[in-house]
Asks: 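Would you mind keeping the following structure in view while I ask a few things?
Both counts, for ligands and for their atoms, begin at 1 and track the order of listing. Both backbone and side-chain heavy atoms feed into the values below; hydrogens, waters and symmetry mates do not.
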Amino acid sequence: MIKGKKLYEGKAKIIYETKDKNLVIQHFKDDATAFNNLKKAKVEGKGVLNNRISEHILTCLSHCGIKTHLIKRLNMREQLIKKAEIFPVEFIVRNIATGSLTKRLGIPDGTHLEKPLLEYCYKKDELNDPLISREHIYSFGWATENEIKIIDNMTIRINDILTGMFRAVGIKLVDFKIEYGKSWNKDTEQKEIVLADEISPDTCRLWDVKTEKKLDKDRFRKDLGNIIQAYQEVARRLGIMPEETNISEVNFGRTIPIKFKKK
Ligand code: 5GP
């Protein structure tokens with residue numbers, strides 16, 4: 001697949017065009033950012049791991065009937081995906097209270113929620129991705145009521161599948177963020193809603209069942225160290241990485257700070 005010109009560069013990924021107008025290439029960078037870009041670093045190997053982990057998760061979801069943008073992984077850092085018009089909304093699912101929920105509402109960290117909590121945030125870096133209600137989404141035409149009904153059902157199903165998948169390997173799925181888009185289905189000749197972006201330790205909170213050790217991007221956000229080792233642990237437990245692979249062999253794991261400003 002020949003890579004065409006760069007269409008978009010985000011914080012962690014780059015999108016390139018292909019010769020097919022309905023397909024693009026998604027490239028995973030090593031860049032890590034937090035607190036809306038105030039904290040930045042290069043974490044060597046992160047892009048490779050997220051590419052593999054996200055491919056594995058989206059493939060499993062697709063086997064369970066979830067429509068996704070993924071066509072196939074092309075190489076260590078790239079995937080061929082369907083081009084999608086992304087809804088400007090981040091869909092967040094919480095099973096355990098932590099992060100911004102505890103800060104916003106004073107709920108004790110680690111509280112198990114009776115049922116998954118769905119939240120919506122407006123995807124707008126300049127505004128810090130603010131929390132919004134469904135009414136905002138309808139009011140500003142970011143998605144229709146019917147689209148949100150479909151997305152909410154997909155999101156709950158994804159949470160069920162992923163909670164089981166991670167539980168089976170000793171990991172609690174605490175919360176995660178997903179994105180959706182509309183892409184062209186060449187069989188039905190219609191646009192359809194697909195799960196887009198990525199699902200990886202960058203977009204989920206993953207805690208070890210026994211020790212509650214964080215195996216996700218909070219290691220970067222909170223300066224806990226061993227970021228790549230944690231991502232590798234997730235990959236190993238999911239059966240993606242051979243047990244014997246160790247970081248030094250693949251020259252992974254160096255974190256190079258780019259900028260750090262306290263808010
Ligand atoms: P919180 O709102 O507690 O900061 O995040 C809730 C969940 O959504 C966490 O798993 C977090 O990683 C994910 N999340 C929320 N916003 C973003 C974002 O802009 N980028 C990424 N990578 N993850 C996000």
Asks: So is Asp175 polar-close to ligand 1, meaning N/O to N/O under 3.5 Å?
Replies: yes
Asks: Side chain, backbone, both or neither: which part of Ala12 comes within less than 4.0 Å of ligand 1 when only heavy atoms are counted?
Replies: neither
Asks: For the residue pair Lys39 and Phe220, would you count it as a cation-pi contact if the rule is NZ or CZ under 6.0 angstrom from the ring centre and within 45 degrees of the ring axis?
Replies: yes
Asks: Pick, from Lys177, Lys217, Glu198, the option with the minimum heavy-atom distance to atom 8 (O) of ligand 1.
Replies: Lys177
Asks: Hey, what's the ring geometry for Tyr180 with Phe91, parallel, tilted or perpendicular (30° and 60° as the breaks)?
Replies: perpendicular
Asks: Please state which part of Glu119 comes within less than 4.0 Å of ligand 1, counting heavy atoms only: side chain, backbone, both or neither.
Replies: neither
Asks: Taking only Lys NZ, Arg NE, NH1 and NH2, and the carboxylate oxygens of Asp or Glu, determine whether Asp20 and Lys83 approach each other closer than 4.0 Å.
Replies: no
Asks: Please work out whether any backbone atom (N, CA, C, O) or any side-chain heavy atom from C-beta onward of Arg221 is under 4.0 Å from ligand 1, and answer side chain, backbone, both or neither.
Replies: side chain
Asks: Between Asp129 and ligand 1, which part of the residue brings a heavy atom under 4.0 Å of the ligand: side chain, backbone, both or neither?
Replies: side chain
Asks: Could you check Ile228, Asn50, Asp218, Ile227 and say which one makes a side chain to side chain contact (heavy atoms under 4.5 Å, CB included) with Pro201?
Replies: Asn50
Asks: Nearest protein heavy atom to atom 6 (C) of ligand 1, by residue and atom, and its distance?
Replies: Arg205 NH1, 3.6 Å
Asks: Of the choices Cys121, Ser100, Ala97, which has the non-hydrogen atom that lies closest to atom 3 (O) of ligand 1?
Replies: Ser100
Asks: Can a salt bridge be assigned to the pair Arg73 and Glu78 using a cut-off of 4.0 Å between side-chain N and carboxylate O?
Replies: no
Asks: Distance only, no hydrogens: is a donor on one side chain within 3.5 Å (strictly under) of an acceptor on the other, for Asp216 and Tyr231?
Replies: no
Asks: For Lys11, is the nearest heavy atom under 4.0 Å from an atom of ligand 1?
Replies: no
